[in-house]
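Notes follow the structure.
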Amino acid sequence: MVHKKGDVLGAPPGPAYTLGDVAGDGRFGVVFAAACNQDGAAVAVKVPKASKDARELAEEEIEMLRAVAADHPACPLVRLVDVVPPSCIVCQHMDGGDMEGVVLPWPELLPLYAMACRGLAWLHQRGYIHCDIKPENMLLNAARTELRICDLGNAQEAQLKNEVPRSTFYYRAPETLLELSPYGPGVDVWALACCIYETFTGEILFTVDNLTEEDEDMSSASSEDSASSHESSQESEDSVQWESSSSSESDEEAEQQETLAHLGQLQALCGPLPRAWRKAKRRFFNARGELFPFDPPPPFGSLESKMEHDYPAEAAPHAPAARALLRACLRYKARPAPAALEAMLAAPCGAPQHGGSE
């Protein structure tokens, strides 16, 4: 059944909810603004789409929300309000939308990301990692004074040894790009740093052409698409086309080339990957342990040069503090825990405290 505005979900003895406007539409579910018929309270209702995969993912998310006590009044995540059988999720309503496309001055970002840290800490303390931190999964109130993390559909138990986190490509930590388990809470901290960069500068930190936001579409970029994208990229001085020096013919090879391009940018901004990582994934590296070349080479040779290119002029006074914070979070190893990151955000100008950066 396809739900629409005006439909009522739920039946006695439980509460019922009247669906309002669509607030979000993803591959597996639609989120509606809604109202509780008992007291008129504003809520958000996530309705799974009519497929087996969508229903299973919704059931997994419900289990996860209950496991992390998302209905607890003190929970700093988007709170779970109710579940309408069989698998519609009723959550706290955030009337300010998500962080996608939001760019705010550094002083306004600091308290919001401190709240994000508290949400991650809540998850990590209960033995879970979010695995899909991105601007779309961080919701604001209308005044933009409160931030809460949502969408636990990809969350997993910490220290998994086999399953690669199903994160969105742009925000993937290097260990997930290289599929080097076990994966820990550091993958969330890495992704949060990418979000901080994006909402400070208005630009994505690590980008690869031909990528979509859905992991399932990643491997579908064909060589023809790449050529077309390359032609269009020549029309814009700000766009950069990443192409391997060797062509890819299969979806698997295309995905590998995209991962390699991402690693190339990552190394350009953060420095060479640890030697043990390079040895473990030799297919991305030559005999000398150097990343196979891309043409053209990475456009920015350091985080400083990319930031200087990306951030607006009025943000320049806060760029050193932002850069110091990002450097602490974008380490390959020993990234700060969310509680430590929250302390960095609370420090003067949001700069890491002593010992907080390399």
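Keep in mind it's a predicted model, so treat the numbers as computed, not measured.
Asn154 and Ser167 form no side-chain donor-acceptor contact under 3.5 Å, judged by distance and modelled atom types alone.
Qualifying side-chain hydrogen bond (donor to acceptor under 3.5 Å, both in side chains) partners for Thr145, counting only residues two or more places apart in sequence or in other chains: Asn141. By the side-chain hydrogen bond (donor to acceptor under 3.5 Å, both in side chains) test, His124 is found to be paired with Asp188, residues two or more places apart in sequence or in another chain being considered. Every side chain to side chain contact (heavy atoms under 4.5 Å, CB included) that Leu303 has, sequence neighbours left out, goes to Tyr197, Leu205, Met307, Arg323, Leu326, Arg327. With sequence neighbours left out, the side chain to side chain contact (heavy atoms under 4.5 Å, CB included) criterion links Arg282 to Lys279. Taking Pro48 as the reference, Ala54, Ala58, Ser87, Cys88 meet the side chain to side chain contact (heavy atoms under 4.5 Å, CB included) condition, with sequence neighbours excluded. Remark: Ala315 pairs with Phe200, Tyr311, Pro312 by the side chain to side chain contact (heavy atoms under 4.5 Å, CB included) rule, at least two apart or across chains. By the side-chain hydrogen bond (donor to acceptor under 3.5 Å, both in side chains) test, Arg79 pairs with no residue at all, sequence neighbours left out.
Going from atom CH2 of Trp106 over to atom NE2 of His318 covers 9.5 Å, rounded to the nearest 0.5 Å. Here CD of Gln92 is found 9.0 Å from SG of Cys75. Values are rounded to the nearest 0.5 Å. How far CG of Leu123 is from SG of Cys131: 9.5 Å, rounded to the nearest 0.5 Å. A distance of 4.5 Å separates CG of Leu266 from CZ of Phe206, quoted to the nearest 0.5 Å.
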Could you list the donor-acceptor pairs under 3.5 angstrom formed between side-chain atoms of residues 268-275 and any protein atom two or more places apart in sequence or on another chain?
none

What donor-acceptor contacts under 3.5 angstrom involve side-chain atoms of residues 18-26, with partners at least two apart or in another chain?
{"from": "Thr18", "atom 1": "OG1", "to": "Asn37", "atom 2": "OD1", "distance (Å)": "2.7"}
{"from": "Thr18", "atom 1": "OG1", "to": "Asn37", "atom 2": "ND2", "distance (Å)": "3.4"}
{"from": "Asp21", "atom 1": "OD1", "to": "Lys5", "atom 2": "NZ", "distance (Å)": "2.9"}
{"from": "Asp25", "atom 1": "OD1", "to": "Lys49", "atom 2": "NZ", "distance (Å)": "2.9"}

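Residues Leu152 and Val68 meet the side-chain proximity criterion, which asks for heavy atoms closer than 4.5 Å. Side chains of Leu345 and Leu325 form a contact here, defined as non-hydrogen atoms less than 4.5 Å apart. Side-chain contact check for Met94 versus Arg148: some heavy-atom pair is nearer than 4.5 Å.
A ring-ring contact (aromatic ring centres under 6.0 Å, His included) check over residues 30-87, counting only residues at least two apart or in different chains, returns the pairs His72-Trp122. Contacts classified as side-chain hydrogen bond (donor to acceptor under 3.5 Å, both in side chains) and involving residues 54-63 (residues at least two apart or in different chains) are given here: Lys46-Glu61.
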(request) Carefully, step by step, assess Tyr128 and Gln156 under the rule side-chain contact (heavy atoms from CB on, under 4.5 Å). (result) CA-CA 6 Å; Tyr128 296 93; Gln156 300 179 11; over 6 Å; no

(message) Working note: Gln38 + Tyr17, criterion side chain to side chain donor-acceptor pair (under 3.5 Å); need CA distance, chi angles, decisive distance, verdict.
(response) CA-CA 8 Å; Gln38 286 185 345; Tyr17 304 91; over 6 Å; no

(message) Go through it in stages, so that I can follow the logic: the residues are Val47 and Ile89, the test is side-chain contact (heavy atoms from CB on, under 4.5 Å), and I'd like the CA-CA distance, side-chain angles, deciding distance and then a yes or no.
(response) CA-CA 7 Å; Val47 180; Ile89 303 171; over 6 Å; no

(message) Please evaluate residues Glu108 and Arg144 with respect to the criterion side-chain contact (heavy atoms from CB on, under 4.5 Å), reporting the C-alpha separation (whole Å), side-chain torsions for both, the decisive distance (0.1 Å), and the verdict.
(response) CA-CA 9 Å; Glu108 295 180 29; Arg144 292 184 172 177; over 6 Å; no

(request) May I have the step-by-step check of side-chain contact (heavy atoms from CB on, under 4.5 Å) for Phe292 and Gln257, ending in yes or no? (result) CA-CA 10 Å; Phe292 283 116; Gln257 296 306 326; over 6 Å; no

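No donor-acceptor pair under 3.5 Å is formed between the side chain of Thr207 and the backbone N or O of Ile204. In this structure, Arg278 contributes its side chain and Gly289 its backbone to a donor-acceptor pair below 3.5 Å. For Asn137 (side chain) and Lys134 (main-chain N/O), no donor-acceptor pair under 3.5 Å exists by modelled atom type. Side chain of Arg66 to main chain of Ile62: no donor-acceptor pair is present (N/O by atom type, distance under 3.5 Å, no hydrogens or angles). In terms of modelled atom types and a separation under 3.5 Å, the side chain of Thr201 and the main chain of Glu203 share a donor-acceptor contact. At least one donor-acceptor pair closer than 3.5 Å links the side chain of His130 to the backbone N or O of Cys150. Side-chain atoms of Asp95 come within 3.5 Å of backbone N or O of Ala142 as a donor-acceptor pair. Looking only at distances, no side-chain donor or acceptor of Thr176 sits under 3.5 Å from a matching main-chain atom of Glu179.
The number of heavy atoms from other shown groups lying within 6.0 Å of CD (Glu290) is above 12.
Using cut-offs of 30° and 60° for the angle between ring planes, the Trp190 and Tyr332 rings count as parallel.
Val2 shares a hydrophobic cluster with no other residue; no ILVMFWY side chain has heavy atoms under 4.5 Å from its own.
Linking ILVMFWY residues whenever their side-chain heavy atoms come closer than 4.5 Å, directly or via other members, leaves Leu80 and Val84 in distinct clusters. Leu139 and Leu120 sit in two unconnected hydrophobic clusters of ILVMFWY residues. Membership requires side-chain heavy atoms under 4.5 Å apart, directly or through other members. Cluster annotation: Leu341 and Leu104 are assigned to the same hydrophobic cluster (Ile/Leu/Val/Met/Phe/Trp/Tyr, side-chain heavy-atom contacts under 4.5 Å, transitive). Leu65 and Val43 fall into different hydrophobic clusters, defined by Ile, Leu, Val, Met, Phe, Trp and Tyr side-chain heavy atoms under 4.5 Å apart, directly or through other members. Val78 and Met138 are not part of a single hydrophobic cluster, where members link through side-chain heavy atoms under 4.5 Å apart.
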